[in-house]
There are 2 protein chains.
Amino acid sequence: MSGGRAQAWGERARHELTARGHRAGGARDAVIDGLAAHDGCCTAGELADRLRAEGRGVGTASVYRALSVLQEAGLLRVLELGEGERRYELVHADGEHHHHIVCDGCGRTLPFHDDALERAIGAAADRSAWAVIGHDIVLHATCPRCAAG
Amino acid sequence: MSGGRAQAWGERARHELTARGHRAGGARDAVIDGLAAHDGCCTAGELADRLRAEGRGVGTASVYRALSVLQEAGLLRVLELGEGERRYELVHADGEHHHHIVCDGCGRTLPFHDDALERAIGAAADRSAWAVIGHDIVLHATCPRCAAG
DNA sequence: GTTCCTGCAAAGGTTTTGCACCATA
DNA sequence: TATGGTGCAAAACCTTTGCAGGAAC
């Protein structure tokens with residue numbers, strides 16, 4: 001559905017993990033495919049459910065271990081949107097990234113990108129005494145559906 | 001330690017809660033004092049530990065219930081810094097707010113404020129189709145101590 | 001006296017860990 | 001064959017909920 005972009009991510013993920021000395025394995029393969037098949041952000045539980053529904057059920061621990069390895073390799077970004085669980089999002093090779101508007105009413109999210117905002121963040125990071133690696137921005141909002149009541 | 005500012009917050013909190021029809025109570029009082037005494041952001045667990053150390057032990061449920069009421073009243077801001085638990089921070093009457101730089105190594109945080117960044121966020125929010133209420137920004141970094149060690 | 005607040009205990013949920021077994025290189 | 005990946009189960013963790021008793025209004 002999300003085309004070659006996500007597929008490219010999958011190939012890169014497998015390559016990068018091999019380069020880091022990780023062996024191949026069925027569970028991790030399923031996790032990578034599951035993430036690539038759904039180029040949005042999902043939780044560990046959602047991912048496990050989806051794999052189970054496809055008949056590629058994977059142990060809970062393996063899901064978390066795979067996510068952890070992918071995150072350490074810089075292939076996943078972790079989001080905390082205030083729902084009490086973490087969401088994982090693909091990091092693409094082109095470095096493009098975006099942020100999220102979250103509806104405080106229903107929890108739906110809307111990705112957005114803003115160059116001026118990125119520049120402002122970069123400038124703020126440069127002024128900091130600590131070595132800034134990255135950033136997360138969450139806009140809290142009311143979506144049109146919730147606003148309508 | 002944090003002077004009259006936090007004390008003023010405590011008084012305002014009690015006043016606001018009364019105005020909202022809440023009754024006074026020992027546990028909630030202790031939570032308000034505990035928050036005001038430590039004008040940074042803390043987790044529910046840290047707050048409970050601190051109160052227990054002061055001999056003002058409060059049931060776990062009461063801590064969470066008090067935090068929830070204070071949040072609904074707009075007296076607390078909730079932060080998710082990626083540690084798996086929530087941090088609560090005082091919202092002062094002057095509306096001043098700041099964001100956080102988090103050390104991914106040790107978890108220490110550094111508050112910062114940047115007017116240009118606030119303007120950029122405001123502009124991005126104005127362009128959004130959803131009605132934006134607020135925002136959270138987290139800069140991930142390596143603190144000097146972790147960079148050295 | 002009614003209503004809300006409180007504490008304890010138990011449940012809920014997500015994430016991590018221990019361990020034996022199996023697949024990979 | 002040695003090492004790391006996998007699954008199951010259990011644990012750890014934060015947070016919420018149910019309920020009986022007590023305090024505030």
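When reading the values below, keep in mind they use all heavy atoms of this one structure, side chains included, and skip hydrogens, waters and symmetry mates. So you know, we letter chains A, B, ... as the sequences are listed, proteins then strands, and number each from 1. Keep in mind that this is a model prediction, so the values were computed, not measured.
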**Q** For B/L17 and D/dA24, give me the distance from atom CG to atom C1', rounded to whole Å.
**A**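 The distance from CG of B/L17 to C1' of D/dA24 comes to 14 Å, rounded to the nearest Å.
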**Q** Between atom CD in B/E46 and atom C1' in D/dC13, what is the gap in whole Å?
**A**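 Rounding to the nearest Å, CD of B/E46 and C1' of D/dC13 are 14 Å apart.
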**Q** Between B/Y64 (OH) and C/dT6 (C1'), how many Å, whole number?
**A**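 About 17 Å, once rounded to whole Å.
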**Q** Which part of the nucleic acid, if any, lies within contact of A/G26, taking any heavy atom under 4.0 Å across all strands shown: a base, the sugar-phosphate backbone alone, or nothing?
**A**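 Counting heavy atoms under 4.0 Å across all strands, the contact made by A/G26 is with sugar-phosphate only.
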**Q** So, for A/V132 and B/A141, which heavy atoms are closest and what is the spacing to 0.1 Å?
**A**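 In terms of heavy atoms, the two residues are closest at CA-CB, 3.7 Å.
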**Q** To the nearest Å, give me how far apart CG (A/L67) and P (D/dG5) are.
**A**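 In whole Å, D/dG5 P lies 15 Å from A/L67 CG.
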**Q** For the aromatic rings, using the six-membered ring if either is Trp, is the centroid distance between A/H97 and A/H135 under 6.0 Å?
**A**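 Yes, the ring of A/H97 comes within the 6.0 Å limit of the ring of A/H135, centre to centre.
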**Q** Starting from P on D/dC8, measure out to CZ on A/R52 and report it in whole angstrom.
**A**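 My rounded result for the distance is 10 Å.
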**Q** Are B/R14 and B/D33 close enough for a salt bridge, meaning some N to O gap below 4.0 Å?
**A**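 Judged by the 4.0 Å cut-off on N to carboxylate O distance, B/R14 and B/D33 do form a salt bridge.
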**Q** Nearest to the side chain of B/R23 - C/dT2, D/dT15, D/dG7?
**A**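 Nearest to the side-chain atoms of B/R23, counting from C-beta on, is C/dT2.
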**Q** Please assess B/E16 against B/R20 for the test salt bridge (Lys or Arg N to Asp or Glu O under 4.0 Å), listing each intermediate value before the final yes or no.
**A** CA-CA 6 Å; B/E16 177 67 26; B/R20 288 180 165 243; 3.1 Å; yes
**Q** Atom CG of B/D29 and atom P of D/dA24: how far apart are they, to the nearest Å?
**A**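 After rounding, the gap between these two atoms is 10 Å.
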**Q** Contact class for B/A27 vs. all strands (heavy atom < 4.0 Å): base, sugar-phosphate, or nothing?
**A**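 Answer is sugar-phosphate: B/A27 comes under 4.0 Å of backbone atoms only.
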**Q** Figure out the CZ/C1' separation between A/R28 and C/dC22, and round it to whole Å.
**A**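 Going from CZ in A/R28 over to C1' in C/dC22 covers 15 Å.
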**Q** Base, sugar-phosphate alone, or nothing: which one does A/A44 contact when heavy atoms must sit under 4.0 Å apart?
**A**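 It contacts sugar-phosphate atoms only.
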**Q** With nearest nucleotide decided by heavy atoms, which residue, B/R86 or B/R65, maps closer to the 5′ end of DNA chain D?
**A**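 Nearer the 5' end of the strand: B/R86.
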**Q** On DNA chain D, compare the nucleotides closest to A/A24 and B/H22; which residue's is nearer the 5' end?
**A**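 On the 5' side of the pair lies A/A24.
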**Q** Between C/dT15, C/dT17, D/dT17, which nucleotide has the shortest distance from any of its atoms to the side chain of A/E85?
**A**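 Nearest nucleotide to the side chain: C/dT15.
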**Q** Nearest whole Å is fine: how far is C/dT14 P from A/R87 CZ?
**A**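 About 11 Å, once rounded to whole Å.
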**Q** In terms of the nearest nucleotide of DNA chain C, which residue is placed more toward the 5' end: A/T43 or B/V63?
**A**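 The answer here is B/V63.
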**Q** Using a 4.5 Å cut-off on heavy atoms from C-beta on, say whether the side chain of A/L70 contacts that of A/L17.
**A**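 Answer yes - side chains close enough.
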